[in-house]
Amino acid sequence: MSLLPDFEGLAMFAKVAEERSFAGAARALGVSVATVSRAVARLEERLGARLLNRTSRQLALTEFGRTIADSALKIYREAEEAEHAAREMSARPRGLVRLAVPMSFGVRWVAPLMPAFFREYPDVQIDLHLSDATVDLVGQGFDAALRIAVLPDSSLVARRLCPVAQIIVASPEYLATRGTPRHPSELADHPCLGYTYRARIDVWRFTNADGEEVAIKPEGPLRVTNSDALLPTVLEGLAIAEFPEFIAADHVRAGRLVPILEGWQMARGGLYFVTPSARTRPAKVEALAEFFMKHLSAPDWRLVS
């Protein structure tokens with residue numbers, strides 16, 4: 001005999017006791033009378049005693065049946081309440097979402113959106129994890145992540161929100177002093193700053209309209225784990241660096257940085273909303289996905305069409 005209690009049998013017996021009828025219990029539960037009868041008979045066999053006295057005209061609880069009817073009905077009611085609460089939680093956005101986001105992007109573009117999100121979804125809480133290191137969503141217990149990549153992780157479900165281009169920039173002062181590179185190969189003569197968490201570390205890959213491909217290894221005095229840390233050195237006119245649009249855009253528009261090698265394109269990535277699975281995704285996660293699609297699908301940082 002299984003050590004697991006016969007919850008189905010207890011639930012059906014509780015309904016029969018409440019309705020004083022197999023047919024009434026079957027209607028209430030949406031099953032056949034035969035199903036209810038078999039479940040009660042199975043429970044009686046398991047417990048080793050009769051729960052009900054049945055005749056062609058009436059149904060009555062035995063003394064043993066009366067002793068467990070209230071407990072069985074309580075179990076049934078508590079299960080109903082638990083299922084109802086679970087359905088409501090899955091249908092209405094509420095609860096905690098653990099969200100992983102790259103640091104610079106999270107500070108610049110996600111954190112400012114949080115007030116609007118909380119006004120729209122007051123029953124949802126966000127645990128915002130900011131790091132440029134790629135987290136293991138499943139292993140570290142995250143519900144979702146925003147990732148900036150050329151291709152999403154194929155083991156996860158990724159929804160593309162918008163494109164994100166990488167651009168090579170320098171300050172006007174640097175270019176006035178050192179000259180403007182016209183071909184990627186000329187970068188070998190310039191200090192170029194590095195970002196540790198690039199998909200392909202230490203290699204910048206370029207293509208042009210003619211299909212020419214060039215790969216160079218940037219050499220310079222600074223490598224960082226967060227792209228914002230490159231800005232002071234570049235803005236001071238000491239080096240060239242690669243930035244995503246969302247970091248460089250304001251500085252380019254203000255004239256503090258100048259895009260170079262504009263006839264060349266680096267691998268075009270995208271911003272993705274990533275989850276471990278799209279199946280049975282909770283309403284709180286779905287609400288966050290839709291919110292980001294609404295607010296980040298046409299962002300102000302776009303420089304490259």
Side-chain angles (χ1 to χ4, degrees), residues 1-100 118 121-127 129 135-145 155-157 274-290:
M1 182 177 68
S2 170
L3 296 177
L4 184 69
D6 185 355
F7 292 110
E8 182 185 59
L10 287 166
M12 291 192 178
F13 165 66
K15 208 62 181 171
V16 170
E18 184 179 50
E19 297 286 337
R20 289 295 193 269
S21 163
F22 277 81
R27 282 193 300 272
L29 295 170
V31 297
S32 69
V33 173
T35 297
V36 175
S37 180
R38 284 195 298 270
V40 172
R42 184 181 68 239
L43 182 63
E44 288 178 326
E45 183 178 353
R46 180 187 178 100
L47 298 177
R50 292 188 64 80
L51 298 168
L52 299 159
N53 287 319
R54 286 156 279 190
T55 68
S56 58
R57 294 189 175 186
Q58 64 180 12
L59 182 77
L61 291 169
T62 64
E63 183 178 352
F64 177 66
R66 283 194 296 272
T67 63
I68 70 166
D70 288 343
S71 295
L73 189 59
K74 182 180 179 182
I75 292 170
Y76 176 74
R77 293 295 184 218
E78 288 177 349
E80 269 191 326
E81 290 173 7
E83 189 171 281
H84 176 75
R87 281 203 187 108
E88 187 170 325
M89 184 173 290
S90 65
R92 184 166 59 126
R94 63 185 303 170
L96 177 67
V97 177
R98 298 195 68 225
L99 175 68
F118 294 134
Y121 299 103
D123 294 328
V124 178
Q125 302 86 46
I126 303 292
D127 182 349
H129 177 86
V135 301
D136 178 356
L137 263 66
V138 175
Q140 294 178 250
F142 285 96
D143 299 294
S155 67
L156 303 171
V157 178
V274 182
T275 55
S277 173
R279 190 176 50 162
T280 64
R281 190 154 68 183
K284 60 186 179 181
V285 176
E286 191 63 36
L288 191 60
E290 293 300 323

Novice: With side chains defined as the heavy atoms from C-beta onward, is the minimum distance between M12 and V31 less than 4.5 Å?
Specialist: yes
Novice: Report yes if the side chains of T62 and L52 come closer than 4.5 Å at any heavy-atom pair, otherwise no.
Specialist: no
Novice: Counting heavy atoms not belonging to E45, are there more than 12 under 6.0 Å from its CD?
Specialist: no
Novice: Provide the full list of salt bridge (Lys or Arg N to Asp or Glu O under 4.0 Å) pairs with a residue in residues 26-44, sequence neighbours left out, each pair given once.
Specialist: D6-R42, E8-R42, E44-R54
Novice: Quick check: do F118 and V124 have side-chain heavy atoms less than 4.5 Å from each other?
Specialist: no
Novice: Please give me the minimum heavy-atom distance between A23 and V33, naming the atom from each residue.
Specialist: CA-CG2, 3.9 Å
Novice: Minimum heavy-atom separation for R46 and P5, please, with both atom names.
Specialist: NH2-CA, 3.8 Å
Novice: Over all heavy atoms of both residues, which pair between F142 and D136 is shortest? Give the atoms and the distance, please.
Specialist: CD1-O, 4.3 Å
Novice: Only distances under 3.5 Å count here; give the side-chain donor-acceptor pairs of residues 70-77 to other protein atoms, sequence neighbours excluded, each with its distance to 0.1 Å.
Specialist:
{"unit_1": "Y76", "atom_1": "OH", "unit_2": "E80", "atom_2": "OE2", "d": "3.3"}
{"unit_1": "R77", "atom_1": "NH1", "unit_2": "E80", "atom_2": "OE1", "d": "3.1"}
{"unit_1": "R77", "atom_1": "NH2", "unit_2": "E18", "atom_2": "OE1", "d": "3.3"}
{"unit_1": "R77", "atom_1": "NH2", "unit_2": "E18", "atom_2": "OE2", "d": "2.3"}

Novice: What's the spacing between K284 NZ and R92 CZ if we round to 0.5 Å?
Specialist: 13.0 Å
Novice: Are I126 and L288 close enough that some pair of their side-chain heavy atoms sits under 4.5 Å apart?
Specialist: yes
Novice: Between V274 and L137, is any pair of side-chain heavy atoms under 4.5 Å apart?
Specialist: yes
Novice: Shortest non-hydrogen contact from G24 to E19?
Specialist: C-CG, 3.8 Å
Novice: Give me the atom names and distance for the closest heavy-atom approach of L61 to A69.
Specialist: CD1-CB, 4.2 Å
Novice: Quick check: do I68 and L47 have side-chain heavy atoms less than 4.5 Å from each other?
Specialist: yes
